[in-house]
Amino acid sequence: MSDVRLRGFGWRHAGRRAWALRGLDLDVRHGERVLLLGPSGAGKSTLLSALAGLLPADSGESEGTIEIGGPDSRAGIVFQDPQTQIVMARSGDDVAFGLENQGIPAADIWPRVSDVLDRAGFPYPINRPTAALSGGEAQRLALAGVLVLRPGLLLLDEPTANLDPSGAALIRAAITRATGPDTTLIIVEHRVAEVLPLVDRVVVLEPGGGVRADGSPEVIFAAYGDKLAGEGVWVPGFTFPLLKSTSPTTDVLVRAEQATVAGRLAPVSIHAGAGEILAVTGPNGAGKSTLALLLGGLLAPSTGRITAFGDNRPPHRWRAATLATRIGSVFQNPEHQFVTGRVADELALGPRRIGHSPAEVTRIVDELLQRLRLDNLAEANPYTLSGGEARRLSVATALATAPQLLVLDEPTFGQDRRTWRELADLLAALRDDGHGIVAVTHDEAFVRTLADRIVPLGEPAPDPLPRRSRP
């Protein structure tokens, strides 16, 4: 008996020439736990969206068939960006939303909400505003919102991507507790070694085609490990040579002095200089993304001050054109900074705004498309890109105005092994050319390979409010 059956399935996003998936034949039996692997852009997220019924007919072209059955054919999906599925202002209400839509009695809803929040490792009471959550906390809330519905088919698209190691371990434990023998699991995850205990089967997708390899983890990695690693698949046991700086840091480009943001960031003092890669680490909720916004001139501190480039004015008071040529920022969620309908237009926007000629804009766009392996996506809508492709586009847009300082929030999110190495080489080269780079990251490989200096932010303050009753 199969919960999932695909025959000749294909999908092409509207406006694309290439198919995201094509000729895909796949059976997933009831209760199986499948790890879906493949290079960035292989169609992993597209496949999960198709199985969840989230590819509207008017948003692309499909072929072949998908059948989903089993004792409980309800599918639940957790996306790469949890903000896309958070719909309520308070955390408990968000988890309860699906149960209320199913007509579950109110007396049964809140015990289930409280239980699933505990299992997902969510650290706050049910009245916690969803707008106040960090990216990793929002991801735990999104997982809870799916688990509370007890789906028969659970689809997870990089559920630990934005989590610190302890938070990721909590999520994996929650998945283990929530997926008994009657739950079919299909998971996309780049932290392959950590997720292997959750799965009993590995399916590797061929970009634009069908299944590259299929079998138990032991068989797949023993037979195909070296080749898969060379093709960009994350394979346990493969590491990268160090890319540390060999030159001393020169000028200080940005400095925070006892800077705070009310309710989001405790006082922090930090500086970043030219010719170094500074990694900002720490648990979810410690304020790392908020600090990145401060250093990038995109947010004003509540107290303390931010100074940069010897300017008497703080960065958040600079003119947009001045900021763009000095500091480039990459947000935690790439889609939050896209403003056009074409990849090429997204890259051209910054250079045009600072006055480059049309010929120079074209040169910059073409160079970045090639360097970030986006040249075949120039005409694509940024919102149809895979998570890894969207991240590379967001990095490219930050580079387009040639700023001396880059502030990157999770720069390696969603990358396959090959594009991760290419992005690491690019950042190392920029550092060696005298650029300063601040990277907020949970990626231990990034820290180990690239970071010249590490600044850990402290633990977030615990919330003393109880969660056991509805506010």
Is it the case that the side chain of [X] and the backbone of [Y] share a donor-acceptor pair, with hydrogens and angles ignored and the cut-off at 3.5 Å?
X    : Y    : result
S91  : I126 : no
H442 : G282 : yes
R16  : T384 : yes
R172 : V195 : no
E276 : S245 : no
T362 : P358 : yes
K288 : D409 : no
Q83  : A138 : no
R371 : L423 : no
R33  : L185 : no

Does a donor on one side chain and an acceptor on the other come within less than 3.5 Å for [X] and [Y]?
X    : Y    : answer
D443 : T412 : yes
T401 : T325 : no
Q337 : S394 : no
Q258 : S269 : yes
T419 : D416 : yes

Enclosure of [X] [atom1] (heavy-atom neighbours >12, cutoff 6.0 Å):
X    : atom1 : result
E360 : CD    : yes
R313 : CZ    : yes
Q102 : CD    : yes

With side chain to side chain contact (heavy atoms under 4.5 Å, CB included) as the criterion, how do F240 and R417 come out once you've worked through the C-alpha distance, each side chain's angles and the decisive distance to 0.1 Å?
CA-CA 10 Å; F240 297 104; R417 188 176 185 275; 3.6 Å; yes
Between [X] and [Y], does any side-chain N to carboxylate O distance fall below 4.0 Å?
X    : Y    : result
D425 : R421 : yes
D452 : R431 : yes
R112 : D108 : no
E367 : R363 : yes

Gap separating the [atom1] atom of [X] from the [atom2] atom of [Y], nearest 0.5 angstrom:
X    : Y    : atom1 : atom2 : answer
L143 : L117 : CG    : CG    : 10.0 Å
T130 : L141 : OG1   : CG    : 7.5 Å
R317 : D311 : CZ    : CG    : 12.0 Å
L405 : I437 : CG    : CD1   : 9.0 Å
L198 : I171 : CG    : CD1   : 11.0 Å
Q85  : F79  : CD    : CZ    : 5.5 Å

Quick check: closest heavy atoms across G296 and L323, and the distance to 0.1 Å?
O-CD1, 3.4 Å
What is the minimum heavy-atom distance between E444 and P165, and which atoms define it?
OE2-CG, 3.3 Å
Check whether any side-chain heavy atom of [X] sits under 4.5 Å from a side-chain heavy atom of [Y], and report yes or no.
X    : Y    : value
E346 : V339 : yes
L399 : L368 : yes
T441 : F413 : no
P151 : T183 : no
L294 : L265 : yes
L133 : Y124 : yes

Row check, W318 ring normal vs R326 NZ/CZ: under 6.0 Å, within 45°
yes
For R342, what residues pass the salt bridge (Lys or Arg N to Asp or Glu O under 4.0 Å) criterion, not counting sequence neighbours?
D345, E379
Take L374 and N376 through the test side chain to side chain contact (heavy atoms under 4.5 Å, CB included) and record every step on the way to the result.
CA-CA 6 Å; L374 296 167; N376 63 328; 5.7 Å; no
Where do V438 and V280 land on the side chain to side chain contact (heavy atoms under 4.5 Å, CB included) test, with the steps shown first?
CA-CA 7 Å; V438 178; V280 178; 4.0 Å; yes
For the side chain to side chain contact (heavy atoms under 4.5 Å, CB included) test, which of V199, L36, L35 pairs with E189?
L35
For the residue pair W234 and H190, does the interplanar ring angle fall in the parallel (under 30°), tilted (30 to 60°) or perpendicular (over 60°) class?
perpendicular
